[in-house]
Structure formats: C-alpha cells, structure tokens
Protein chains: 2
Amino acid sequence: MDMKSLTIGRLAKQAGVNLETVRFYERRGLLPKPPRTASGYRLFPADAARRLRFIRRAQELGFSLTEIGELLSLRVSRRTTSADIRTRAEVKIADIEAKIRSLESMKKTLRKLTRVCDGCAPVAECPILESLDREDA
Amino acid sequence: MDMKSLTIGRLAKQAGVNLETVRFYERRGLLPKPPRTASGYRLFPADAARRLRFIRRAQELGFSLTEIGELLSLRVSRRTTSADIRTRAEVKIADIEAKIRSLESMKKTLRKLTRVCDGCAPVAECPILESLDREDA
DNA sequence: CTTGACCCCGTACCGTAGTCCGGGGTTTAG
DNA sequence: CTAAACCCCGGACTACGGTACGGGGTCAAG
C-alpha cells in the first residue's frame, strides 16, 4: 500500500464517480483488474482516476461504453500491429469529425438565433431544425 | 389527406426510425401532436421527418431527450421573451463548445497515435488518456 | 480489543429510451 | 367484397448504464 495506490473508495472520490461504478467498469473491462492486498482489497494505480474521467467525458460526447472500450484499446503492442491500430484510429477520427461538424452546425444555428434575439425579430418556427439536417447518418 | 401529410408509418420510414419511436416521442412532447383523420389516424406535416432526424443526431452527440426538448423549444414567441431565449441559447452554445473542445482533444491524440504508427514506434501505454483530462466537468 | 469506516461479493433494483404484443378498427388493391 | 397492409391503444418487455442492499470480513484510532 504505497502512497501511489488508491483504494476503491478513494479512487471513486477522486474521480467523482460512485464506488459501485468503479466495480462496474472493472467488470466491463474498462478498467484493468487491479492488484489486491492479501485480504482482497483492490489497489488501483494513481492514473486509474484519469481513466475514469476519460470514460465520463467520452460518455458525454455520445460514446457508448463499448465504443469507449475500443478507444481505450487503441495502442500499439506486441499483439496489435501498427497498421491495424492506424486503421482503427482513423475510423475513430472520422467519427469524431462527424460529431464536430454536427455540433458546429448546431452552434451556428444557435448563434443566428441569438442575433435574431438582438434584433428583436420574433421567430415562430423552431430555427434549430435547420441544423443537423442534411443527408447521411 | 393531402400529399404533404404523412401517416405514422411513412414518417417513420422516411426518418429511419421505428414507428413506435414516433409515438414515444409524441408522448414525450418532442413531436407536436399531429391532427387526426376522422378515424383517428395521425397525419404528420412533412417536416416532422426533419425533426425526427434532428432528435437522432442530437442524441448521437450526447444530448438526452430532455435536453433535446429544451433545444427544440428555443424560439421566440409571445410567451417567451427574446432576452430569455437569448440566455438559454447562450447556455447551450457554451455546452456545445465544451463538447467540441473535448472532441478536438480526442482527435488530436488519435492523430498523434497515427503518426506514431507511421514511425513504427510501439506505444505500450494508452495514449488517448492524455486527452479529456484537465479540470472542470 | 472494540468501534466506526472501509472493503468484499452477489444479487436486486432503478431510470432512460425505446420496442414489442395483441386485440381491435381502417384503407386499399385485386 | 375480401385480404393484405396499415393504424389505434394500453401495457408488458428489453437493453444499457448504473445504483442500492445486505451479510460479511478488514483496518486504524482510541
């Protein structure tokens, strides 16, 4: 139990999540199984909190836990070739860019709306529908 | 039943959602209650499909149905003042900008990863954890 | 050496967002 | 006129992402 390890309770507090959520993510494989003390207590490395915060943020961006698992597994190692990782990373980048474009489009519409508000011109229709409306999924 | 109205089934197909989902959104108030035929069939205006597609996209960006309802209600009318709408729109813009920043950060990390792949330098750690990791919610 | 805070585990339960079912009327194409 | 295809409704069911519960062991302060 050196200073660098965290019990599950401390980790949960540091990351701002429920303790049960930590166990749940461990079961789901989003958090690597931590070493245990002789009595069975989990001892998480300090950077587990960073991983938890990453998961939370990614969720707010509309990624499912399964997709987050895929993001977290993006790294080069003996088992995975560079080319494989590269391809998978590029797919994720494309997903992300699509999300950014949708958000930019929503933002533009909302900005237009605030300008209309300044001009005091009443808009009866819902202007945000203009955004996010062209083709593809 | 003019050409411009859609039965629930046609609407669902056009928007690419399940028919039950349309009824569900109507119950949730995300879709305005459509007029009915004498026999009770719903007749949706043609632009209901646009609204459905907006809802789906916004969900992919991590907005809950409740938040989507708030976005859809952003418009100026007798009941809502320009100033009120303006304030609410600005809050939403700030939310959106935060999402965009997080996504840009993820994207940057993934780009770095693809460059590493090109250079064939193996990375054992999970580099994406570098992103989305500073302060605030 | 006890008491309160913390941890273990499995299982049950919850909210959100749908999705399905089934018994019944309606519409439309043959 | 009838059969297929479509629509109505209420209510049950599902999947996902947690969250709570409860019975038990552990650890640290007094």
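All chains are named by letter (A, B, ...) in the order of the sequence lines, taking the proteins before the strands, and each is independently numbered beginning at 1.
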Within the structure shown, what part of the strands sits under 4.0 Å from A/T7 by heavy-atom distance: base, sugar-phosphate, or nothing? sugar-phosphate

Base, sugar-phosphate, or nothing for B/R42, non-hydrogen atoms under 4.0 angstrom? sugar-phosphate

Using whole Å, what does the distance between atom [atom2] of nucleotide [N] and atom [atom1] of [X] come to?
{"X": "B/L11", "N": "D/dC8", "atom1": "CG", "atom2": "P", "answer": "11 Å"}
{"X": "A/L19", "N": "D/dG18", "atom1": "CG", "atom2": "C1'", "answer": "13 Å"}
{"X": "B/L43", "N": "D/dC6", "atom1": "CG", "atom2": "P", "answer": "16 Å"}
{"X": "A/R36", "N": "D/dG25", "atom1": "CZ", "atom2": "C1'", "answer": "14 Å"}
{"X": "A/E67", "N": "D/dC16", "atom1": "CD", "atom2": "P", "answer": "12 Å"}
{"X": "B/K13", "N": "D/dA5", "atom1": "NZ", "atom2": "C1'", "answer": "10 Å"}

Minimum side-chain heavy-atom gap [X]-[Y] below 4.5 Å:
{"X": "A/L72", "Y": "A/I55", "answer": "yes"}
{"X": "A/S64", "Y": "A/E67", "answer": "yes"}
{"X": "B/K107", "Y": "B/E104", "answer": "yes"}

Closer than 4.0 Å, any side-chain N/O of [X] to the OP1 or OP2 of [N]?
{"X": "A/T21", "N": "D/dG17", "answer": "no"}
{"X": "A/S39", "N": "D/dG25", "answer": "no"}
{"X": "B/Q59", "N": "C/dT16", "answer": "no"}
{"X": "A/S64", "N": "D/dC16", "answer": "no"}
{"X": "B/R56", "N": "C/dG18", "answer": "yes"}

Just to be sure I understand the geometry, which residues of residues 24-33 of chain A put a non-hydrogen atom under 4.0 Å away from DNA chain D? A/F24, A/Y25, A/R28

Output side-chain donor-acceptor pairs under 3.5 Å for residues 10-17 of chain B, partner residues at least two apart or in another chain, one line each.
none

Donor-acceptor pair under 3.5 Å: do we get one between A/E20's side chain and the base of D/dC21? yes

Less than 3.5 Å between a donor and an acceptor, one on the side chain of B/Y41 and one on the base of D/dC8, is that the case here? no

5' priority, DNA chain D, between B/G9 and A/N18 [closest heavy atom]: B/G9

Cut-off 3.5 Å, no hydrogens considered: what does the side-chain donor-acceptor table look like for residues 22-30 of chain A, sequence neighbours left out?
unit_1: A/R23; atom_1: NH1; unit_2: A/E20; atom_2: OE1; d: 3.4
unit_1: A/Y25; atom_1: OH; unit_2: A/R56; atom_2: NH1; d: 3.3
unit_1: A/Y25; atom_1: OH; unit_2: A/Q59; atom_2: OE1; d: 3.4
unit_1: A/E26; atom_1: OE1; unit_2: A/R42; atom_2: NE; d: 2.6
unit_1: A/R28; atom_1: NH2; unit_2: A/T66; atom_2: OG1; d: 3.4

Of C/dC9, C/dA17, D/dC9, the nucleotide closest to the side chain of A/R23 is C/dC9

Report yes or no: is the cationic atom of A/K99 (NZ for Lys, CZ for Arg) under 6.0 Å from the centre of the six-membered ring of A/F63, at an angle within 45° of the ring normal? yes

Correct closest heavy-atom pair for A/P34 and A/L43 would be CB-O, 3.7 Å

Is the shortest side-chain N to carboxylate O distance from B/R88 to B/E70 below 4.0 Å? no

The answer to which of B/L65 and B/A38 contacts DNA chain C further toward the 5' end, by nearest nucleotide, is B/L65

